[in-house]
Amino acid sequence: MTNSTKKLLLIDGNSVAFRAFYALYNQVEKFTNHDGLHTNAIYSFKIMLDKLLKQIDPTNILVAFDAGRTTFRTEKYADYKGQRSKTPQELSEQFPFLREMLIDYGIKSYDLKNYEADDIIGTLAKEAEGEGFQITIVTGDRDLTQLATDQTTVAITKKGVSEIEEYTPEHIEEKFGLNPRQIIDMKGLVGDTSDNYPGVTKVGEKTAIKLLKKYGSIEGIYDQIDEMRQSKMKEHLIEDKEQAFMSKDLARIRQDAPIEVDIKDTEWSGIDYEKLESFYQQMDFNRFLSELHQNQGAASSESASSVAPIDYTELTAANLTELGKSDGSSITFHLEMDGENYHKAPTIGFAILKDDKYFVSNQPQLLKEPVLKELLEKATLDVFNAKRNYVGLNRLGIQMAPVDFDLLLVSYLLNNTDNSDDLGKLAHEHQYYQVQSDEDVYGKGAKRSVPVDQPEFLQHLAHKVQAIHDLKSRLMAELDDHEQTELYETIERPLSIVLAQMEIAGIKVDIDRLMQMRSEFKERLAEIEQQIYQEAGEEFNIGSPKQLGVILFEKLKLPVIKKTKTGYSTAVSVLEKLQGLNPIIDNILLYRQLSKLQSTYVEGLLKVVFKEDSKVHTRYTQTLTSTGRLSSVDPNLQNIPVRLEEGRKIRQAFVPSHSGWQIFSSDYSQIELRVLAHISGDENMQEAFKTGADIHASTAMKIFNLDSPDEVTPNMRRQAKAVNFGIVYGISDFGLAQNIGITRKAAKKFIETYFESFPGVHKYMTGIVELAKKQGYVETLFHRRRYLPEINSKNYNLRSFAERTAMNSPIQGSAADIIKIAMIRMQKMLREKGLKAKMLLQVHDELIFEAPKEEIPVLKELVSKVMDSAVDLAVPLKVESASGDTWFDAKK
DNA sequence: ATTATCACG
DNA sequence: ACGTACGTGATAATT
């Protein structure tokens with residue numbers, strides 16, 4: 001697109017930087033680069049600048065800055081801007097870098113001694129108007145609207161900087177009934193509190209507009225003041241005449257400042273991408289870096305690929321020998337599958353990097369050829385996502401060789417915040433751009449298509465193995481710096497294979513049982529539904545919180561307990577408070593319960609059963625949680641109902657895969673509290689665990705100051721249990737109060753007493769928060785890290801959340817470490833002992849197996865031993881086991 | 001794509 | 001005065 005007219009963009013640098021700074025003020029601590037420099041203002045300034053460049057497409061640009069506090073205005077009026085508080089350090093340190101960024105953008109910036117940015121802008125705007133420019137002035141300061149003309153638009157930033165409001169003369173007329181020049185008169189009459197100059201007493205915006213409509217200007221008012229009828233306002237006007245003229249003079253933006261730039265100097269030379277790239281690197285603007293690379297790529301080549309092409313060999317049945325022999329040395333491998341669910345996604349290609357040579361193919365069947373199969377079973381592999389590759393190869397009948405480097409896993413250990421599972425995106429996070437994301441190559445949503453027959457597909461695969469290889473040494477070195485090599489080599493890496501094996505094994509589902517439940521639930525739901533309609537007096541969608549809210553709180557006029565941001569809350573906690581007021585409540589609660597079971601568990605589960613083996617094969621996400629726990633998807637087998645009997649019956653549908661076998665389950669008892677007892681070193685807590693006491697009862701004795709366990713009532717124990725949970729979660733009086741229904745004051749007292757009774761725990765909690773503030777992260781027993789950038793935030797909520805996280809993560813994370821160790825050892829033991837038993841599921845603190853009935857006693861012995869001894873803590877670990885014909889029956 | 005709800009540890 | 005318990009995933013409704 002070419003410009004038919006010349007367009008000048010004038011930006012009030014200080015004003016916009018202030019707006020930009022406060023737009024992201026609540027995240028100011030999140031925006032710091034590796035040198036500790038705050039970057040939030042630069043960041044949002046840049047976003048706004050890009051938007052403007054795109055919208056306006058200017059030929060000329062200038063960013064004007066204030067030169068300092070003293071100007072000709074302070075000479076005239078010493079108190080001008082006198083009440084302004086000092087620019088915060090977090091912002092002022094950003095100005096030099098902001099100017100540097102402008103240079104990289106090819107944009108001229110300018111300041112002039114004794115003048116404000118406004119005056120530079122006013123002067124240049126006037127000059128540009130004479131030369132026939134279209135001018136846009138961008139600022140956060142409304143005073144500049146006085147400069148609006150037919151040629152000049154003033155854009156005021158709103159909502160931080162994400163939106164702008166454009167002031168043309170027409171818009172100003174519409175809004176105030178004044179012309180732009182009268183804005184100056186208005187300022188003179190009203191004054192300006194933020195610039196700290198006075199106006200006429202008792203004259204505000206409304207009065208000023210009325211006066212100016214009648215008299216035109218301040219001069220006009222005083223010319224005719226004698227004719228004005230007697231009033232308080234007239235007295236004030238006469239009294240403050242001098243002030244009014246002075247303020248008008250202060251408000252008037254100069255259009256004749258002695259600037260040393262002219263329009264020619266503002267010609268935009270365009271962005272210097274190389275310099276901008278290194279600037280982004282300096283600022284740690286990873287998002288902008290990857291944008292930059294994509295844009296450059298799109299602009300510089302017709303194939304829209306931003307990466308240098310790789311010289312590869314396309315493998316065929318005929319040229320397999322070119323791969324050469326396998327000597328067990330390290331190769332980089334990638335298996336491409338089309339779809340997230342690798343248990344069923346078609347394998348569509350693969351890539352190998354061996355001895356600096358790239359081999360790629362869109363014929364995965366080739367992997368079954370002896371040369372390739374042997375290579376993959378004998379070599380040492382570097383991969384991205386070992387688990388995914390293992391399952392994919394397993395489906396081709398290949399037993400994947402040991403893995404040395406797993407890019408996905410290592411990257412997750414280094415930093416588990418925003419760890420993508422897309423190779424390209426993740427490489428970009430590590431400032432590596434010689435590979436694109438799948439989304440970039442394949443598209444997303446409805447537009448997604450994988451060009452398996454095109455060279456770009458093979459190129460993409462080659463770039464994937466190249467990226468894995470290129471990132472290896474750097475990331476492994478970082479792992480070492482973090483003291484995480486052991487965590488990687490002895491826990492996460494072997495675990496990925498154990499998880500793959502568990503997923504492949506799957507768990508058998510009794511489909512008939514589920515179908516039977518489905519028709520039972522269907523009948524009962526229909527019945528309750530009719531009752532609810534009757535009680536409500538009309539039919540509506542019970543599943544819609546919005547419609548339900550209208551029925552309950554408007555039609556039936558039940559009291560509103562809580563609101564969500566979109567309307568009435570109808571959550572269980574609310575409905576329970578309404579119980580007894582109307583019989584409809586009980587029915588809704590029951591309906592909710594049953595429809596949850598029906599849709600999520602009965603029907604949801606039936607949808608994901610594999611027809612071939614009547615099993616569900618979940619996928620564990622090993623690189624997602626910020627604490628180190630696993631999660632389970634498609635289906636989620638870590639949230640199968642257990643607390644309510646009705647829901648627990650779902651577990652009857654999980655059965656062994658062979659007749660004569662049983663389900664066996666083992667769980668750690670209070671592992672998180674035991675971990676806390678260990679890492680806090682609290683003697684009282686350790687003592688309780690060492691003597692095998694009931695921990696909640698013993699906590700109750702402490703906080704209620706009892707002498708004997710016999711004095712602990714069930715209610716005391718319940719409250720003590722809640723306190724223990726609270727401690728693990730990073731306690732707050734509010735949370736505890738809410739949970740056990742006591743006042744905040746009482747909760748606070750509980751916590752105080754708790755900390756007096758367990759001083760070691762108290763010391764740990766304050767110590768870990770302090771440590772987090774100092775080093776920016778916390779660690780588990782095995783050096784798993786969690787970064788807490790918000791721990792020093794000025795925003796109370798963000799900071800408090802980070803503080804609780806600092807207390808909780810080492811506990812939850814260490815417990816996760818421990819069960820992971822147990823799983824690896826357990827799998828090894830099953831193999832070594834030649835047992836038929838299979839480990840199937842992990843649910844955070846429990847492991848679920850299937851085994852021939854006769855193996856159960858052996859298994860029980862073995863699992864207890866392995867889980868008990870997974871780590872050596874200052875307190876014993878306790879394991880409880882059970883078995884039965886279904887998962888439901890594997891309970892005490 | 002986001003929100004409310006509810007299932008689990 | 002503020003306004004929260006920690007970690008997840010699936011579903012249906014709504015935008």
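No hydrogens, no waters, no symmetry mates; every other heavy atom, side chains included, goes into these values. Here the structure is a predicted model, which means the values were calculated and not measured. Letters A, B, ... are given to chains in the order of the sequence lines, protein chains preceding strands, and every chain is numbered from 1.
Closest to the side chain of Ser544(A), out of dG7(C), dA5(C), dT14(C), is dT14(C). The listed nucleotides are dG9(B), dG7(C), dT4(C); the one nearest the side chain of Ser626(A) is dG7(C).
Between Lys546(A) and dT15(C) there is a side-chain N or O to OP1 or OP2 distance below 4.0 Å. In this structure, Thr566(A) reaches the dA4(B) phosphate: one of its side-chain N or O atoms is under 4.0 Å from OP1 or OP2. A close approach under 4.0 Å does occur between a side-chain nitrogen or oxygen of Thr564(A) and OP1 or OP2 of dA4(B). Of the side-chain N and O atoms in Arg629(A), none sit less than 4.0 angstrom from OP1 or OP2 of dG7(C). Dashed line: the shortest gap from a side-chain N or O of Ser631(A) to OP1 or OP2 of dG7(C) is not under 4.0 Å. Distances shown here put a side-chain N or O of Arg643(A) below 4.0 Å from the OP1 or OP2 atom of dG9(B).
Residues of residues 633-642 of chain A having a heavy atom closer than 4.0 Å to DNA chain B, listed by number: Gln638(A), Asn639(A), Ile640(A), Pro641(A), Val642(A). For DNA chain B, the residues of residues 584-601 of chain A within the heavy-atom distance limit of 4.0 Å (strictly under) are Arg592(A), Lys596(A), Tyr601(A), sorted by number.
You'll find the ring centres of Phe750(A) and Tyr754(A) outside the 6.0 Å limit.
Rounded to a whole angstrom, the distance from the C1' atom of dT2(B) to that of dA5(C) is 24 Å. One P atom belongs to dT4(C), the other to dT3(B), and the distance between them is 15 Å to the nearest Å.
Within the 4.0 angstrom heavy-atom criterion, only backbone atoms of the sugar-phosphate kind lie near Asp845(A); the bases stay farther away. Within 4.0 Å of Ser809(A), counting heavy atoms only, lies no atom of the nucleic acid at all. Contacts of Ala802(A) with the nucleic acid, taken as non-hydrogen atoms under 4.0 Å apart, are absent. Within the nucleic acid shown, Arg786(A) comes within 4.0 Å of sugar-phosphate atoms alone, with no base atom in reach, counting heavy atoms only. Counting any heavy atom pair closer than 4.0 Å across all strands shown, Gly730(A) reaches no nucleic acid atom. Phe734(A) comes within 4.0 angstrom of a base, heavy atoms only.
Residues Ser437(A) and Asp440(A) have side chains that bring a donor and an acceptor to within less than 3.5 angstrom of each other.
Applying the side chain to side chain contact (heavy atoms under 4.5 Å, CB included) test to His343(A) and every residue at least two apart in sequence or in another chain returns Asn341(A), Val391(A), Glu503(A), Phe610(A), His617(A), Arg619(A). In this structure Ser666(A) satisfies the side-chain hydrogen bond (donor to acceptor under 3.5 Å, both in side chains) test together with Ser881(A), sequence neighbours excluded. Scanning for side-chain hydrogen bond (donor to acceptor under 3.5 Å, both in side chains) contacts around Gln719(A) gives an empty result, with sequence neighbours left out.
Look at CG on Asn797(A): it is 16 Å from C1' on dC6(C), rounded to the nearest Å. For the pair His844(A) NE2 and dT8(C) C1', the interatomic distance rounds to 6 Å; values are reported in whole Å. What separates CD of Gln812(A) from P of dA5(C) is a distance of 15 Å, to the nearest Å.
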Check: Using Watson-Crick and G-U wobble pairs whose two distances are both under 3.5 Å, how do you write the pairing of DNA chain C as dot-bracket, with | for links to another strand?
Finding: .....|||||||||.
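Remark: Glu492(A) engages Arg784(A) in a salt bridge, criterion side-chain N to carboxylate O under 4.0 Å.
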